[in-house]
Structure formats: C-alpha cells, structure tokens
Amino acid sequence: MTIKAILFDFDGTIADTAPGIVCTMQETFKAMNLPIPAPEAVRQTIGIPLHDSIQTLGNLTDAEADHGMEVYRQLFHQFEIPNIGLFPNVVETLTQLREKGIRMAICTSRNIESLDVIMDARGLTPLFETRVTGSDRLAPKPAPDMVVALLKRMDIKADEAIVVGDTTYDIEMGNSAGCKTVAVTYGNHSHEKLLTARPTWVIDNFTQLLDLFA
C-alpha cells in the first residue's frame with residue numbers, strides 16, 4: 001500500500017521543547033513549594049497530558065495536579081517559549097515531503113493554544129493539513145484514538161499512514177491504530193527504550209524520513 005500521509009508527534013519530534021518544558025515544570029513545582037523534579041524525570045513524562053505529567057512527577061492528587069496545570073500555564077510564556085527550537089533540517093524536510101505530495105498532520109498531547117503559538121512563530125502551520133491535540137479531549141497516548149480521529153478526518157486508511165514520534169507512547173499509539181511507525185532517536189526516549197515499542201523503522205535524523213519515499 002502506498003503511503004499517503006505522515007502523522008507527526010510534535011514535542012521531541014519536530015520541536016526541541018524539552019529544555020523549555022523542564023524549566024517550566026521545575027518553576028511550577030518551585031512555585032507550589034513542592035520538591036523540584038529532576039530534568040530526566042520530566043523528560044520521561046513528555047508526550048503524556050500535562051495533568052498526568054504533573055501528577056506523576058509530584059505524586060499529587062487530581063486537585064493538586066489541576067492547580068499545577070494552572071501554575072504551569074501562567075509560567076508558559078516566561079519560561080517555555082524562549083527555550084524552544086526546531087530540530088535540524090525540520091522545515092526543509094517537511095517542505096520536501098509536501099512537494100512529494102505527502103499529506104501531513106500533527107498528533108500531540110499539547111493543547112491547541114500553545115501549539116499554535118509555537119508553530120505560527122516558526123512558520124510551520126502552512127505545512128500541515130490538520131492536527132489533533134490534547135484540547136480535543138480524546139483518550140491520550142498510547143491509546144490509538146488521536147490517530148484514528150486523524151485518519152477519519154483525512155479519509156485515509158491506517159496502512160496508508162506513518163506515525164512518527166520520539167517516545168514509546170507515540171509508537172504504541174501508531175501501532176495500535178494499525179499504522180506503520182517511525183521512532184526518532186534524538187528526542188526524549190532512548191534508542192533502547194524506543195525499541196521496546198517495536199517501531200517499523202528507527203531514524204537518527206529527521207532528514208531520513210525522505211529515504212522512505214526515495
């Protein structure tokens with residue numbers, strides 16, 4: 001079956017958001033007078049909903065995690081936005097994929113407001129046909145629901161799409177939806193951890209996506 005579309009995770013796959021997330025998360029816990037989580041611990045929760053990440057890192061109640069989300073979002077523009085960049089060759093590779101006629105979409109746990117701020121500022125928005133975000137309130141990764149929603153919206157079959165991500169959550173999500181999957185090793189989960197999710201392909205550089213369509 002011909003691959004017609006690529007569904008991309010955002011954090012750790014397209015954008016190097018980990019430094020900003022770590023900084024903002026640590027400032028959030030500091031503001032809440034809670035023990036500050038280690039950077040690596042924060043990185044391992046990137047990809048799941050913010051509420052779940054805060055709750056896991058602090059072993060908090062639902063109400064405490066809800067408050068943590070409010071604090072995090074108040075600090076977002078001050079600490080996260082200035083520390084976000086794109087991984088090497090992302091825009092160039094996405095442009096070439098689009099020129100090849102590959103349809104592209106975003107599948108992220110990040111809420112739509114913060115996604116738009118980051119993508120608009122870096123000229124990414126026109127490259128993508130659509131997106132599903134945490135704001136859609138679907139079952140979170142690694143459940144397949146977000147991918148299934150995108151496939152339905154784009155009128156594409158599962159075996160016509162590739163899911164690309166940097167965490168086991170992304171790969172498990174794509175596999176569960178019946179798609180082929182690509183794990184990128186430069187993000188938040190190690191090569192070894194990614195292999196446990198059984199990706200179809202593993203790449204070390206974003207430009208290697210082009211090799212799949214050579």
With sequence neighbours left out, which residue pairs that include part of residues 147-187 fulfil the ring-ring contact (aromatic ring centres under 6.0 Å, His included) condition?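 Residue pairs passing ring-ring contact (aromatic ring centres under 6.0 Å, His included), neighbours aside: Phe87-Tyr186, Tyr169-His189.
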Can you pull the ring-ring contact (aromatic ring centres under 6.0 Å, His included) pairs that have at least one residue in residues 131-158, sequence neighbours excluded?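 As it turns out, there is no ring-ring contact (aromatic ring centres under 6.0 Å, His included) pair with a partner in residues 131-158 once direct neighbours are skipped.
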Does some side-chain heavy atom of Phe29 sit less than 4.5 Å from a side-chain heavy atom of Val71?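 They are not in contact (no side-chain heavy atoms under 4.5 Å apart), so the answer is no.
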Quick one, Leu50 and Phe76 - any side-chain contact, counting heavy atoms below 4.5 Å?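 Side-chain contact under 4.5 Å: no.
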Treat each ILVMFWY residue as a node, draw an edge where side-chain heavy atoms are under 4.5 Å apart, and state whether Ile81 and Val90 are in one component.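 Yes, because Ile81 and Val90 connect within a single hydrophobic cluster, where side-chain heavy atoms sit under 4.5 Å apart.
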Is it possible for you to say whether Leu195 and Ile171 belong to one hydrophobic cluster, with membership spreading through side-chain heavy-atom contacts below 4.5 Å?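 Leu195 and Ile171: separate clusters.
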Say whether Glu70 and Gln74, considering side chains only, have a donor N or O and an acceptor N or O under 3.5 Å apart.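 No, because no side-chain N or O of Glu70 sits under 3.5 Å from a partner of the opposite role on Gln74.
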Any side chain to side chain donor-acceptor pair (under 3.5 Å) involving residues 138-155? Give me the pairs, sequence neighbours left out, ordered by first then second residue.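 Side chain to side chain donor-acceptor pair (under 3.5 Å) check on residues 138-155 returns Asp9-Lys141, Thr130-Arg153, Lys141-Asp170.
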Qualifying side chain to side chain donor-acceptor pair (under 3.5 Å) pairs, either residue in residues 99-121, two or more places apart: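 Qualifying pairs: Asp11-Arg110, Glu80-Arg110, Arg103-Glu129, Arg110-Ser114, Asn111-Ser114, Asp116-Arg131, Asp120-Thr125.
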Search all heavy atoms of [X] against all heavy atoms of [Y] and return the closest pair with its distance.
| X | Y | answer |
| --- | --- | --- |
| Gly68 | Met32 | CA-SD, 3.5 Å |
| Gln55 | Ala65 | CB-CB, 3.8 Å |
| Ala177 | Val148 | CB-CG2, 4.3 Å |

Using atom types as modelled and distance alone, determine if a side-chain donor or acceptor of [X] lies under 3.5 Å from a backbone N or O of [Y].
| X | Y | answer |
| --- | --- | --- |
| Asp16 | Gly85 | no |
| Thr56 | Ser53 | no |
| Ser176 | Ala143 | no |

Please write out which residues are connected to Val132 in a hydrophobic cluster, directly or through intermediates, given that two of Ile, Leu, Val, Met, Phe, Trp, Tyr count as joined at side-chain heavy-atom separations below 4.5 angstrom.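 Answer for Val132: Leu7, Leu138, Met146, Val147, Leu150, Leu151, Met154, Ile156, Val163, Met173.
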Which donor-acceptor pairs under 3.5 Å do side chains of residues 197-204 form with protein atoms, sequence neighbours excluded?
unit_1	atom_1	unit_2	atom_2	d
Thr200	OG1	Thr181	N	2.9
Asp204	OD1	Thr185	OG1	2.7

Evaluate Gln44 against Glu40 for side-chain hydrogen bond (donor to acceptor under 3.5 Å, both in side chains), listing each step before the verdict. CA-CA 6 Å; Gln44 292 307 303; Glu40 185 56 30; 2.6 Å; yes
